[in-house]
Amino acid sequence: RIPESPLQCNQTLCTLYNTYGRWGDRKDCYALNATYPTTEEELRAAVSFAVKHNLKAKVVTRFSHSMPKLACPDQAVQSSFFISTEHYNLQIQIDTANAVVTVDAGVSLRQLIDAVEVAGFSLVVSPYWEGITIGGLISTGAHGSSWWGKGGSVHDHVVGLSIVVPASKSEGYAKILRLDEQNPLFNAAKVSLGVLGAISKVTLRVEPRFKRSITYNFTTDVGLEDLYADHAKKYEFADITWYPSQHTAIYRYDSRVPLNTSGNAVFDFIGFQDNPTLIPESVRASETLFERTRSTHGKCLTAAATLAYRKLTANGLKNDGMFFSGYPVIGYQGKMQASGSCLNSPLLHTSCPWDPRIKGLFFFETTPILPASLFRDFVLDVKKLRDLNPKSFCGADNYKANEALTPRLNQDIWEELEQMAFFKYGAKPHWGKNRNIAFLGVDKKFPNYNKFIEAKQQLDPQNVFSSNWSDEILFGKELEKSDGCALEGLCICSEHRHCSPQNNYYCSQGLVYKDAWVCRYSTTVPPS
Ligand SMILES: Cc1cc2nc3c(=O)[nH]c(=O)nc-3n(C[C@H](O)[C@H](O)[C@H](O)COP(=O)(O)OP(=O)(O)OC[C@H]3O[C@@H](n4cnc5c(N)ncnc54)[C@H](O)[C@@H]3O)c2cc1C
Ligand SMILES: O=C1O[C@H]([C@@H](O)CO)C(O)=C1O
């Protein structure tokens with residue numbers, strides 16, 4: 001089933017959803033109406049209209065795949081509107097002489113990859129998920145996995161960018177800036193979090209088309225903390241998936257190979273496959289049952305089964321495009337990095353596992369970005385917490401309850417890991433995949449942060465593209481603490497009421513990271 005548009009308008013207002021159907025705070029976000037530019041001039045006219053009428057605007061995309069409410073305008077509906085790039089995806093210009101490609105910001109990652117591959121080029125890095133737009137993915141610093149060359153973040157392969165920003169009346173209230181690495185505003189405009197203006201064009205470097213050879217090694221996680229650096233140095237697209245509760249690490253041995261190497265495989269990542277709705281619905285049903293019955297045993301069975309299935313199906317690698325038949329799996333770059341077959345199925349009984357129209361998966365993501373030098377100590381701390389009670393790690397990562405204020409089994413473990421990463425190890429938060437507490441103090445984590453704020457004040461002095469939501473995330477402000485706020489990652493508990501005393505969840509100290517404050521289940525009330 002093709003996912004529904006995340007932007008639903010009726011005659012009175014427009015509502016923006018994210019891909020999961022509900023934002024982290026479970027509150028909807030609205031605006032007066034939406035405009036759908038198809039050309040750069042129409043995009044400029046949209047920004048000009050907002051500035052002239054002193055409105056708030058947010059650029060939204062056809063996917064809305066970020067989790068933080070960056071794209072949500074202020075809730076004063078009558079003074080905000082959405083600029084959707086859903087139909088701003090017509091231009092893809094490949095400059096073969098200079099090996100660069102320039103695209104409209106609303107072009108999807110899959111559209112771009114297919115266009116450059118057919119022209120004999122490859123995009124070197126990209127996220128694993130293809131259901132995102134080029135404008136949206138660079139705006140949050142989205143990435144693939146590589147320590148080679150310019151690294152795994154897509155915006156580091158961007159060599160030019162045009163952005164529509166507010167302007168004076170004499171300039172027609174909006175103007176287009178053409179930026180490249182010579183311009184001091186370039187870095188801010190690339191990862192602009194949607195708060196500097198409306199990106200219209202993005203120019204990325206591409207390379208002559210190549211193939212990939214991928215082999216997964218499902219093995220023990222012993223020594224992981226001493227192996228990750230060499231792994232990343234040895235394999236251009238290396239990654240590691242770690243299941244602490246199963247004491248298993250999955251090393252991906254992944255390198256480019258020449259175009260004439262035989263193989264026409266497809267990476268149809270298991271988590272994004274176009275599966276019958278029945279599968280995510282039954283997974284969700286068992287997760288919810290184990291949550292309700294507080295069955296750690298059940299959660300661990302699910303974790304073991306998931307791992308076994310990933311091993312059996314090689315994570316979705318298909319040697320002939322249909323089935324997995326053995327390693328190495330070799331295929332074109334355009335088919336081996338990004339996937340998302342659940343986006344394109346016309347069938348009614350299949351969908352993406354998180355499609356809000358089914359009773360499927362509902363989860364949050366926590367994405368800390370640690371300096372490579374600290375990662376070893378972080379892994380050792382995680383192992384220390386795991387060794388205290390390995391079963392408490394089963395499925396503790398990202399289950400999200402359907403109803404608000406519902407505590408989760410062993411959520412204290414996940415909260416301790418989250419706080420350990422962001423506050424003990426100072427990890428930077430991924431702008432597209434975190435809960436609000438991940439952004440606490442974020443303005444002190446980037447040496448050039450004040451330069452970004454200066455760029456914002458220079459380009460958008462009226463804060464047309466800002467909202468209380470994006471300011472909250474941008475300035476890492478401590479949010480007001482309400483009952484149960486810690487259950488949704490909207491605060492760090494400091495009183496029992498921030499957890500769920502009525503369900504025996506009390507604000508307690510971390511077990512390994514003593515400065516963590518987490519909501520732990522206890523049949524006796526700990527001192528507050
Ligand atoms: C299932 C899933 C898998 C994912 N996998 C990965 C992954 O492998 N790697 C990774 O790094 N991330 C991943 N993500 C996160 C995702 O890549 C980012 O959140 C990305 O920013 C979403 O892109 P989008 O086009 O949906 O933009 P949106 O989420 O709609 O917008 C993001 C921000 O960009 C702004 N924006 C969008 N377009 C423009 C424009 N033209 N001009 C100015 N501002 C604009 C919006 O206002 C908003 O502030 C995943 C997310 C999901 C849900
Ligand atoms: O949901 C996601 O899938 C990818 C990656 O985990 C796939 O291995 C990613 O970065 C997400 O946020």
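Positions are given from 1 along the sequence. In listed order, ligands and their atoms are each counted from 1.
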Can you check whether Phe63 has an N/O within less than 3.5 Å of an N/O in ligand 1? no
Taking the six-membered ring of Tyr399 as reference, does the cationic atom of Lys299 (NZ for Lys, CZ for Arg) lie under 6.0 Å from its centre and within 45° of its axis? yes
With no hydrogens and no angle check, is any side-chain donor or acceptor of His53 less than 3.5 Å from a backbone partner on Phe49? yes
Tell me which part of Ser66 gets within contact of ligand 1: side chain, backbone, both or neither, using heavy atoms under 4.0 Å. both
Please work out which of Thr367, Asp239, Val59 has its closest non-hydrogen atom nearest to atom 39 (C) of ligand 1. Val59
If I apply the N/O under 3.5 Å rule, does Thr85 come out as touching ligand 1? no
Looking at ligand 1, does any of its N/O atoms fall within less than 3.5 Å of an N/O of Gly136? yes
Mind checking whether Trp354 has an N or O less than 3.5 Å away from an N or O of ligand 1? no
Say whether, by atom type as modelled, one donor and one acceptor occur between the side chain of Arg310 and the main chain of Ile250 under 3.5 angstrom. no
With a 4.0 Å cut-off on heavy atoms, is Lys58 in contact with ligand 1? no
Show me which atoms of ligand 1 lie under 4.0 Å from any heavy atom of Ala198. 42 (N), 43 (C)
N/O to N/O below 3.5 Å, does that happen between Gly131 and ligand 1? no
When you measure from atom 1 (O) of ligand 2 to every protein heavy atom, which one gives the shortest distance, and what is it? Glu365 OE2, 2.9 Å
Validation row, ring centre Phe439 to ring centre Trp431 under 6.0 Å: yes
Does a donor on one side chain sit under 3.5 Å from an acceptor on the other, for Gln333 and Arg256? no
Ligand 1 to Thr19 polar contact by distance, N or O atoms, under 3.5 Å: no
Below 3.5 Å, N or O to N or O, backbone or side chain included: is there any such pair between Ser192 and ligand 1? no
Can you pull out the closest protein heavy atom to atom 52 (C) of ligand 1? Residue, atom name and distance to 0.1 Å, please. His65 ND1, 3.3 Å
N/O to N/O below 3.5 Å, does that happen between Thr133 and ligand 1? yes
With no hydrogens and no angle check, just 3.5 Å: does a side-chain donor-acceptor pair link Thr366 and Lys433? no
Which residue and atom name correspond to the protein heavy atom nearest atom 7 (C) of ligand 1, and how close is it? Pro127 CB, 3.5 Å
For the pair Phe375 and Phe378, name the ring-plane relationship: parallel under 30°, tilted 30 to 60°, perpendicular over 60°. tilted
Would you tell me which option among Leu361, Ile199, Leu7 has the nearest heavy-atom contact to atom 41 (N) of ligand 1? Ile199
Evaluate whether atom NZ of Lys359 has more than 12 neighbouring non-hydrogen atoms of other residues, nucleotides or ligands under 6.0 angstrom away. no
Heavy-atom nearest neighbour in the protein, as seen from atom 8 (O) of ligand 2, with distance rounded to 0.1 Å: Phe269 CZ, 3.9 Å
So is His430 polar-close to ligand 1, meaning N/O to N/O under 3.5 Å? yes
Does Gly197 have a non-hydrogen atom less than 4.0 Å from ligand 1? yes
Just checking, Arg435 and Phe364: is the charged tip under 6.0 Å from the six-membered ring centre and within 45° of the axis? yes
Can a side-chain donor-acceptor contact be found between Glu281 and Thr277 if the only test is distance below 3.5 angstrom? no
Geometry only, no angles: is Tyr128 polar-contacting ligand 2 at N/O separations under 3.5 Å? no
Nearest protein heavy atom with distance in Å, relative to atom 23 (O) of ligand 1: Ile132 CG2, 3.3 Å
Establish whether atom 10 (O) of ligand 2 and some protein heavy atom are separated by less than 4.0 angstrom. yes
Is the Tyr235-Tyr253 ring centre distance short of 6.0 angstrom? yes
Of all heavy-atom pairs linking Lys27 and Lys69, the shortest is O-NZ, 3.0 Å
Could you list which atoms of ligand 1 come closer than 4.0 Å to a heavy atom of Ala105? 41 (N)
What residue and atom, counting heavy atoms only, is the protein's closest point to atom 44 (N) of ligand 1, and at what distance? Gly194 CA, 3.5 Å
Using 30° and 60° as the class limits, which term best fits the ring planes of Phe237 and Phe210: parallel, tilted or perpendicular? parallel
Taking atom types as modelled and ignoring hydrogens, do the side chains of Thr133 and Thr61 form a donor-acceptor contact shorter than 3.5 angstrom? no
Do Lys335's NZ or CZ and the ring of Phe267 fall within the cation-pi criteria of under 6.0 Å and 45°? no
Mark the output for Tyr20 as yes if a heavy-atom distance to ligand 1 is under 4.0 Å, and as no if none is. yes
Would a line drawn from the ring center of Phe363 to the ring center of Tyr20 be shorter than 6.0 Å? yes
Among all the protein's non-hydrogen atoms, which is closest to atom 5 (N) of ligand 1, and how far away is it? Trp129 CB, 3.5 Å
among protein heavy atoms, the one nearest atom 34 (O) of ligand 1 is Ser139 CB, 3.3 Å
Given 3.5 Å as the limit, does a donor-acceptor pair link the side chain of Asp460 with the main chain of Asn463, or not? yes
Return the closest protein heavy atom for atom 24 (P) of ligand 1 as residue, atom name and distance. Thr61 OG1, 3.7 Å
Can you classify the ring geometry of Trp129 versus His65 as parallel (below 30°), tilted (30 to 60°) or perpendicular (above 60°)? tilted
Those atoms of ligand 1 less than 4.0 Å from some heavy atom in Leu193: 49 (O)
Please report whether ligand 1 has a polar contact with Glu365, defined as an N or O pair separated by less than 3.5 Å (distance criterion only). no
Give me the residue, atom name and distance of the protein heavy atom closest to atom 14 (N) of ligand 1. Lys433 CD, 3.5 Å
Compare Phe272, Phe363, Trp129 and give the one whose heavy atom is closest to atom 4 (C) of ligand 2. Phe272
The atoms of ligand 1 lying under 4.0 Å from a heavy atom of Thr140, numbered in the order shown, are 18 (C), 20 (C), 21 (O), 32 (C)
Given side-chain contact (heavy atoms from CB on, under 4.5 Å), test Lys58 with Leu70 step by step and report yes or no. CA-CA 9 Å; Lys58 280 287 183 181; Leu70 286 166; 5.7 Å; no
Under 4.0 Å to a heavy atom of Tyr128 - the qualifying atoms of ligand 1, by number: 7 (C), 8 (O)
